[in-house]
Amino acid sequence: MHTLKQELRLVLVALQFLTRLPLPQLAQFDPQWLHQSARYFPLVGLLIGSGLALAFALLSWLFNPVIAALGSTACGLILTGAFHEDGFADTCDALGGSVSREKALDIMKDSRLGTYGTAGLILMLGLKVSLLASLPITLACWALIFSHGWSRWFSISLIACLPYAGDLEHAKAKPLAQHLSRTQAATALVPPLALLLGMSWLAWPWWSAALPLALMLFSSLWMGRMLKRRLGGYTGDGLGATQQLAELASYAGWFLVWAHV
């Protein structure tokens with residue numbers, strides 16, 4: 001009973017960290033709970049994606065796919081507080097130019113948005129909306145759920161594979177700057193993997209997810225290599241950028257599956 005209560009507490013911590021939902025505050029909060037809650041980030045991603053899929057379906061019924069894609073994307077920004085998008089923009093600013101590791105880390109700490117971040121954010125959001133609007137409604141809804149869950153797993157997998165590169169004392173989420181064990185990463189894989197295996201109940205066979213997953217893996221490996229080469233490891237902003245790239249890669253994969261397979 002105690003274990004179940006603690007796991008539910010960690011789910012609540014993950015929801016509080018990744019969303020702006022009005023949730024009850026936890027008494028006697030332990031910072032280590034945030035580190036432990038990382039294994040539930042993919043589960044929270046699936047919940048976020050489900051909410052956005054519902055918004056997309058409703059807006060498609062009321063308007064058209066373009067409005068639905070714009071509206072669901074806006075709902076995602078509001079629901080998460082543009083949490084990962086902010087990390088993506090900061091990463092674009094930091095790694096866009098040829099600057100030293102120390103300068104890149106300083107840029108990531110700067111709250112101001114630069115040219116690379118602005119351009120990257122516009123392109124990222126534009127591509128997301130375009131791809132979602134190009135998909136059939138049911139597939140777009142499925143892609144939202146799938147992409148938000150799996151992209152958060154690919155993001156936290158970097159914590160298990162790379163050292164932390166930033167200033168630990170000034171980290172925005174200091175507990176997440178700790179190493180994530182392979183066991184924790186494997187545990188975090190359970191919800192998105194269960195969703196993948198459950199695809200046989202829907203209109204698409206499970207193997208149709210091979211291309212989206214391959215593109216997500218490629219984008220995450222590329223991002224991880226970039227972070228290791230330029231910074232020596234991951235940062236919180238780098239994790240956000242990885243999630244955004246993996247999400248976009250998933251939408252591109254589902255579009256290619258629908259259009260050409």
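Values in this document were obtained by computation on a predicted structure and should not be read as measured data.
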Task: pair L131-L248: side-chain heavy atoms closer than 4.5 Å - done: yes
Task: same_hphob_cluster(L58, L144) at 4.5 Å side-chain heavy-atom cutoff - done: no
TODO: Give a yes or no on whether the backbone of F154 and the side-chain of S157 come within a donor-acceptor separation of less than 3.5 Å.
DONE: yes
Open item on the list: Please give the remaining members of the hydrophobic cluster of L113, linking ILVMFWY side chains under 4.5 Å, ordered by chain and number.
Closed with: none
Open item on the list: How long is the straight-line distance from CG of L54 back to CG of L59, given to the nearest 0.5 Å?
Closed with: 9.5 Å
Open item on the list: Could you report the tightest heavy-atom contact between P65 and A133, atom names first, then the distance?
Closed with: CB-O, 3.6 Å
Open item on the list: Please determine whether residues L105 and I107 belong to a single hydrophobic cluster, defined as Ile, Leu, Val, Met, Phe, Trp and Tyr linked transitively by side-chain heavy-atom distances below 4.5 Å.
Closed with: no
Open item on the list: Checking F83 now: which residues fulfil ring-ring contact (aromatic ring centres under 6.0 Å, His included) with it, not counting sequence neighbours?
Closed with: F17
- [ ] Check the pair Q243 / I156 against side chain to side chain contact (heavy atoms under 4.5 Å, CB included), numbers first and verdict last.
- [x] CA-CA 9 Å; Q243 186 277 326; I156 65 168; over 6 Å; no
Open item on the list: Does R101, at its CZ atom, have more than 12 non-hydrogen atoms belonging to other residues, nucleotides or ligands within less than 6.0 Å?
Closed with: yes
Open item on the list: So, taking the atom named CG in L139 and the one named CZ in F146, what distance separates them when rounded to the nearest 0.5 Å?
Closed with: 11.0 Å
Open item on the list: Tell me if a side-chain donor or acceptor on T187 pairs with a main-chain N or O of T183 at a distance below 3.5 Å.
Closed with: yes
TODO: Spell out, as yes or no, whether a donor-acceptor pair under 3.5 Å connects the side chain of Q16 to the backbone of P24.
DONE: yes
Task: Closest non-hydrogen atom pair between L34 and V13, with its separation - done: CA-CG1, 3.9 Å
Open item on the list: Evaluate L95 against L227 for side chain to side chain contact (heavy atoms under 4.5 Å, CB included), listing each step before the verdict.
Closed with: CA-CA 9 Å; L95 303 184; L227 291 171; 4.1 Å; yes
TODO: Answer yes or no: is there a donor N or O on one side and an acceptor on the other, between the side chain of W142 and the main chain of A53, under 3.5 Å?
DONE: no
Open item on the list: So does L213 get a backbone contact from the side chain of W150, meaning a donor-acceptor N/O pair under 3.5 Å?
Closed with: no
Task: Side-chain donor or acceptor of T19 paired with backbone N/O of L79 under 3.5 Å - done: no
Open item on the list: I need the R39 CZ to L189 CG distance, nearest 0.5 Å.
Closed with: 14.5 Å
Task: Inter-residue atom distance F56.CZ - T138.OG1, 0.5 Å rounding - done: 9.5 Å
TODO: Over all heavy atoms of both residues, which pair between Y234 and L158 is shortest? Give the atoms and the distance, please.
DONE: CD2-O, 3.9 Å
Task: Stepwise side chain to side chain contact (heavy atoms under 4.5 Å, CB included) check, E247 with H84 - done: CA-CA 11 Å; E247 183 187 339; H84 298 301; over 6 Å; no
TODO: Determine whether L127 and F255 fall in the same hydrophobic cluster, where Ile, Leu, Val, Met, Phe, Trp and Tyr are linked whenever their side-chain heavy atoms lie under 4.5 Å apart.
DONE: yes
- [ ] Compare every heavy atom of T80 with every heavy atom of R152, then report the nearest pair and how far apart it is.
- [x] NH2-CG2, 4.3 Å
Task: For S147 against Y251, the heavy-atom pair lying closest together - done: OG-CE2, 3.3 Å
Task: Minimum heavy-atom distance between V257 and S208, given as atom pair plus value - done: CG2-O, 3.5 Å
Open item on the list: To the nearest 0.5 Å, what is the distance between CE on M223 and OG1 on T91?
Closed with: 5.5 Å
Task: Min side-chain heavy-atom separation L231-M108 under 4.5 Å - done: yes
Task: Backbone of A69 reached by a side-chain donor or acceptor of T73 within 3.5 Å - done: yes
Open item on the list: Please check this pair: side chain of T235 against backbone of A165, looking for a donor-acceptor N/O pair closer than 3.5 Å.
Closed with: no
Task: Straight-line distance of F88 CZ to L125 CG, nearest 0.5 Å - done: 8.5 Å
- [ ] Could you state whether V190 and L46 fall into the same hydrophobic cluster, counting links through intermediate Ile, Leu, Val, Met, Phe, Trp or Tyr residues with side-chain heavy atoms under 4.5 angstrom apart?
- [x] no
- [ ] Tell me whether L217 is reachable from W222 by hopping between hydrophobic residues (I, L, V, M, F, W, Y) whose side-chain heavy atoms are closer than 4.5 Å.
- [x] yes
TODO: Check the pair L245, M124 against side chain to side chain contact (heavy atoms under 4.5 Å, CB included), reporting the backbone distance first and the verdict last.
DONE: CA-CA 8 Å; L245 284 176; M124 172 67 68; 3.9 Å; yes
